[in-house]
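Below is one structure, written out as structure tokens, with a few remarks after it.
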Amino acid sequence: MTDRRTFLRTLAASTVASTLANGESTSDKLGQVLPTRLLGRTGERITSFTLGGSHCEKAASEKESQHIIETAIELGVRSFDNARNYGEGNAEVVYGKFLTPRYREHIFLTTKTSRGTAKAVRTQLEESLRLMKTDYLDLWQIHSIESPEDVDNRIKNGVLDEFLKAREEGKARYLGFTGHSSFRAHLHLLKRLKELGTPLDTCLMPMNLVDPHYDSYIVNVLPELLKDRYGIFAMKSLACGTMLGVPPFWRRGKEEELPSLTDKLGLTVEDMHHYVYSLPVSSLVSGCETADQVKENIAILKSYKGMDAKKRDELIVKVKPFAGRTFEYYKKPIS
């Protein structure tokens, strides 16, 4: 594990590169494209903001789901995230209806599988391709690793081999992994991949202001990913809304009171997202349930002009009293 001093040195060294990487903006046949960043050692550039598929499927109506996707495209988003289990497949159905038929050649398309055997992940890969109406994925990810034991079991059961086979077949251009339960799972997978001589291309993990104080992915995993030049996707930059005092959509309707960093500390969504953009990430993944949320996310990205190490550390220190499972409920500490 990495100590805090080493962590701060790592971030200070990466600040300039991260800020400059956010400055590139291009255009394509669809219009102006958002600023892009390098996807690690792949050489690929993707938009600094990625639309999450889970929340899109939770929109009020199918028409609103379509509006979310088309608004994202119109505003320059070209990176789109999904997973086989989101909405029991309905999130991929939404992409298959409104995203890939019109925009496939212009976008970076990702999905994930959390299944634990070679046969099961292959089945889900074929289902994902069918539902999203595409012949290939730009990125396929081993989803939601939970512990070192979980990692070992998936490797033993042929999951990694099946992923490598999919890349050889051209059904997935790049391969990655995700998780939010324990940073130790990430470190263990990275260790196993080195032992096997089969590094993956990307990692998706929680990255937000409260993370550095509690079982931190930023402190412990980020430096290791940078050593091997992984493309890094940040998720849970608002801890699924809990940092704003809003329960995630699957917990709404329950009696629950959460503190808000906006009310308690005067922090804004812009502060929270700009902190993540200041890290050496390839893209920030955010779920949006309305087109207005897409617009807000894009406005925040466009307003980002960099954040120096001093400002970043001031924000981290400020939120320390709120560290723990109140916000980051998804973390499940293991020994």
Name the orientation class of the two ring planes belonging to [X] and [Y] (parallel below 30°, tilted from 30 to 60°, perpendicular beyond 60°).
X: Y217; Y: F183; result: perpendicular
X: Y277; Y: H273; result: perpendicular
X: F108; Y: Y174; result: parallel

How long is the span from the CE atom in M235 to the OG atom in S54, to the nearest 0.5 Å? 11.5 Å
Taking side chain as C-beta onward, heavy atoms only, is [X] less than 4.5 Å from [Y]?
X: T268; Y: T262; value: no
X: E328; Y: D211; value: yes
X: T47; Y: F80; value: no
X: N208; Y: L238; value: no
X: L34; Y: K302; value: yes
X: N82; Y: K112; value: no
X: L204; Y: F177; value: no
X: M307; Y: L315; value: yes

Paired with R154, the side-chain hydrogen bond (donor to acceptor under 3.5 Å, both in side chains) test is passed by just one of D152, N157, D150, namely D150
Residues [X] and [Y] bridged, charged N to O under 4.0 Å:
X: E195; Y: R192; result: yes
X: R173; Y: D138; result: yes
X: D28; Y: R78; result: yes
X: K119; Y: E162; result: no
X: E126; Y: R122; result: yes
X: E168; Y: K165; result: no
X: K227; Y: E224; result: yes
X: K171; Y: D135; result: no

[Y] reachable from [X] in the ILVMFWY side-chain graph, under 4.5 Å edges:
X: V285; Y: L200; answer: no
X: L196; Y: L164; answer: yes
X: L51; Y: V94; answer: yes
X: L301; Y: L30; answer: yes
X: I218; Y: L190; answer: yes

Can a donor-acceptor pair be found, under 3.5 Å and without considering hydrogens, that links the side chain of [X] to the backbone of [Y]?
X: T202; Y: G231; answer: no
X: R45; Y: T36; answer: yes
X: S27; Y: Q32; answer: no
X: S48; Y: P35; answer: yes
X: S260; Y: D263; answer: yes
X: N297; Y: Q293; answer: yes
X: N90; Y: G87; answer: yes
X: N220; Y: D215; answer: no
X: T134; Y: L129; answer: no
X: T26; Y: V33; answer: no

So which atom in [X] and which in [Y] form the shortest heavy-atom distance, rounded to 0.1 Å?
X: A166; Y: W140; value: CB-CZ3, 3.6 Å
X: M272; Y: L244; value: CE-CD2, 3.7 Å
X: A185; Y: E146; value: CB-C, 3.7 Å
X: I232; Y: M207; value: CG2-SD, 3.9 Å
X: P101; Y: G96; value: CG-O, 3.1 Å
X: H180; Y: P206; value: CB-CG, 3.6 Å

Check the pair I145, I142 against side-chain contact (heavy atoms from CB on, under 4.5 Å), reporting the backbone distance first and the verdict last. CA-CA 7 Å; I145 57 173; I142 300 172; 4.0 Å; yes
Kindly check if the number of other-residue, nucleotide or ligand heavy atoms within 6.0 Å of CD (E314) is above 12? yes
Can R104 be said to sit on top of Y95's aromatic six-ring, NZ or CZ under 6.0 Å from centre and within 45° of the ring axis? no
Ring of Y330, cation from K236 - is the NZ or CZ under 6.0 Å from the centre and inside 45° of the axis? yes
Answer yes if the side chains of [X] and [Y] hold a donor-acceptor pair under 3.5 Å, and no otherwise.
X: Q124; Y: T113; value: yes
X: T111; Y: E92; value: yes
X: S282; Y: R37; value: no
X: Q66; Y: E62; value: no

Take N85 and H143, measure what side-chain contact (heavy atoms from CB on, under 4.5 Å) needs, and give me the verdict at the end. CA-CA 10 Å; N85 63 316; H143 190 33; 3.7 Å; yes
Go through S303 and E270 one step at a time and tell me if the side-chain hydrogen bond (donor to acceptor under 3.5 Å, both in side chains) criterion holds. CA-CA 8 Å; S303 70; E270 190 171 76; 2.8 Å; yes
